[in-house]
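The structure appears right after this line, and notes come after that.
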Amino acid sequence: MNRKILTASIVLLSILLILGCGGGTKIQMPEGGVKLSYKPAVGKSFQYRTVVQKYTQSSQQGTSVSRLVKGDVYFTLDVLDAGEGGAATMKYKFTDVGVGVFVNNQIQSSEDVESMKNLEFTVILDTAGSIDSIDGLDLEEEYKKKNISPSEFILDFPIPNKNITLGYSWHKEQDTTIVGEDGTDTVVQKTSVDYKINDFVMFEGRKCVVCNLNGTVNIMQKGESEDEDGTTYDIDMTMNGDIKGTIYFDIDNGVVVRYESNRMIDVKGSQVNTDTGEKEPIVYYNQETLDARLQTSEVK
C-alpha cells in the first residue's frame, strides 16, 4: 500500500467520521440542554467490541518494512465510581483478543497481543475528564510496544461540568511525562483536542449526544529500545500527528455507546546501535483507526 492510497483512505474515513457515520434518528434536545455524567453508570458493567487497524510504513537499513495490525478486541468496562464533572473510576478487563500482526504481508506472533489477554487495569479520571492515573499498567513499557497496547483502548471522553446544547464546544489539553527507573528513558506526550456537540439522536435505542473531536498529539521519546532480534539502540525521536473522531454518549445511562477515532502520526529521529555505535535515521509514519461499539450492559 503506497502513501497516496493510504492518505486518500484516511481522508475518506475522516469525512465519514465528521458526517457521523453510523447515523441515528435526529431528536429534539430538551430546552436548556442536557448534562452529561458517568454517575448513572456506576455499578454497571459494559462490554465492548473494538475493531482496530494500525498500519506502519518504515525503512530499516535502506529496506522498506510495512507492519499491519488488524483484528477484534473485546473488553468489559466497569464504572466503579463517579464524581463531579468527568471524574470517574473505571476498570477495564480484556476478555477476548483476536488480532493478527503482518510484517511485509507475513503473519507473525506478537508478545504485545498475547500480553493483552485477560489483562485488567483501572483508570482514574479527574473532574476535567483527563486521565489522572492508570493502575495495573507499566506505562513506560506500553510506549515501547510496536504492535498494540491496552492503553490505546481507553474510551477517553472528558465531560463538561455544565449543561450542554447543540454547538457547544470545549477544549482539553493533557501532558504526560514518563521517566524510566534509571532516569534515562523518558517519554513526554502532549495532546490537544477540541470537542463539539453536533447532534442529538436516538442511536440503537438510546438517547445520545454526538460529539466530534479534532486534535493533535506530540510525543518525544528518548532512551533505549530493543528490536525483534535483540539488538539494542539509543533512540531520540519525535512523533507528531492528528486525531479525529466521533463519540456517541448515552445521556440517560452515562456511557459511551460508540467511539470512532483515527490517528495519523509522522515520526522522525535517530537511533544508535549500542554495540557498533552506528547511527541510523528514524523516519516512518503510521495510521491507526479504532471503532469501539457497546455490545451489552448489566448491573453488577
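Computed from a predicted model, the values in this text were never measured in an experiment.
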Working for side-chain hydrogen bond (donor to acceptor under 3.5 Å, both in side chains), residues Gln271 and Glu280
CA-CA 5 Å; Gln271 63 182 22; Glu280 302 173 1; 3.0 Å; yes

Go through the steps for Asp266 and Asn240 under the test side-chain hydrogen bond (donor to acceptor under 3.5 Å, both in side chains), then give the verdict.
CA-CA 5 Å; Asp266 284 297; Asn240 293 300; over 6 Å; no

Classify the ring geometry of Phe75 against Phe94: parallel below 30°, tilted from 30° to 60°, perpendicular beyond 60°.
tilted

Do [X] and [Y] have side chains that get closer than 4.5 Å, going by heavy atoms?
{"X": "Phe102", "Y": "Tyr55", "value": "no"}
{"X": "Val210", "Y": "Phe200", "value": "no"}
{"X": "Val42", "Y": "Leu80", "value": "no"}
{"X": "Thr95", "Y": "Thr76", "value": "yes"}
{"X": "Asp242", "Y": "Val217", "value": "no"}
{"X": "Asn286", "Y": "Lys54", "value": "no"}
{"X": "Glu120", "Y": "Lys91", "value": "yes"}
{"X": "Leu36", "Y": "Phe249", "value": "yes"}

If you measure from the Lys or Arg side-chain nitrogens to the Asp or Glu carboxylate oxygens, is any gap between Arg258 and Asp291 under 4.0 Å?
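Counted as a salt bridge, because a side-chain N and a carboxylate O are separated by less than 4.0 Å.
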
Please determine whether a side-chain nitrogen of the Lys or Arg among Lys207 and Asp252 lies less than 4.0 Å from a carboxylate oxygen of the Asp or Glu.
yes

Measure centre to centre between the rings of Phe153 and Tyr92, then say whether the value is under 6.0 Å.
no

What distance do Ile243 atom CD1 and Ser192 atom OG have between them, rounded to the nearest 0.5 Å?
8.5 Å

To the nearest 0.5 angstrom, please state how far the CD1 atom of Ile159 sits from the CD atom of Glu84.
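Rounded to the nearest 0.5 Å, the CD1-CD separation comes to 11.5 Å.
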
Pair Asp78-Ser45, side-chain donor/acceptor within less than 3.5 Å
yes

Taking the side chain from [X] and the backbone from [Y], do they hold a donor-acceptor pair closer than 3.5 Å?
{"X": "Asn104", "Y": "Ser66", "answer": "yes"}
{"X": "Asp112", "Y": "Lys146", "answer": "yes"}
{"X": "Asp132", "Y": "Ile124", "answer": "no"}
{"X": "Asp126", "Y": "Ala128", "answer": "yes"}
{"X": "Asp199", "Y": "Val201", "answer": "no"}

Is [X] linked to [Y] within one hydrophobic cluster, defined over Ile, Leu, Val, Met, Phe, Trp and Tyr using a side-chain heavy-atom separation of less than 4.5 Å?
{"X": "Val52", "Y": "Leu77", "result": "yes"}
{"X": "Leu166", "Y": "Leu213", "result": "yes"}
{"X": "Met202", "Y": "Val256", "result": "yes"}
{"X": "Val188", "Y": "Ile178", "result": "no"}

Please walk me through it: do Lys145 and Ser115 pass side-chain hydrogen bond (donor to acceptor under 3.5 Å, both in side chains)?
CA-CA 11 Å; Lys145 291 183 175 178; Ser115 67; 3.2 Å; yes

With sequence neighbours left out, write down each residue that passes salt bridge (charged side-chain N to carboxylate O under 4.0 Å, His left out) with Lys70, or none if nothing qualifies.
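By the salt bridge (charged side-chain N to carboxylate O under 4.0 Å, His left out) rule, Lys70 matches no residue at all.
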
The test is side-chain hydrogen bond (donor to acceptor under 3.5 Å, both in side chains); show your working for Thr289 and Asn262 and say whether it passes.
CA-CA 5 Å; Thr289 62; Asn262 176 61; 5.6 Å; no

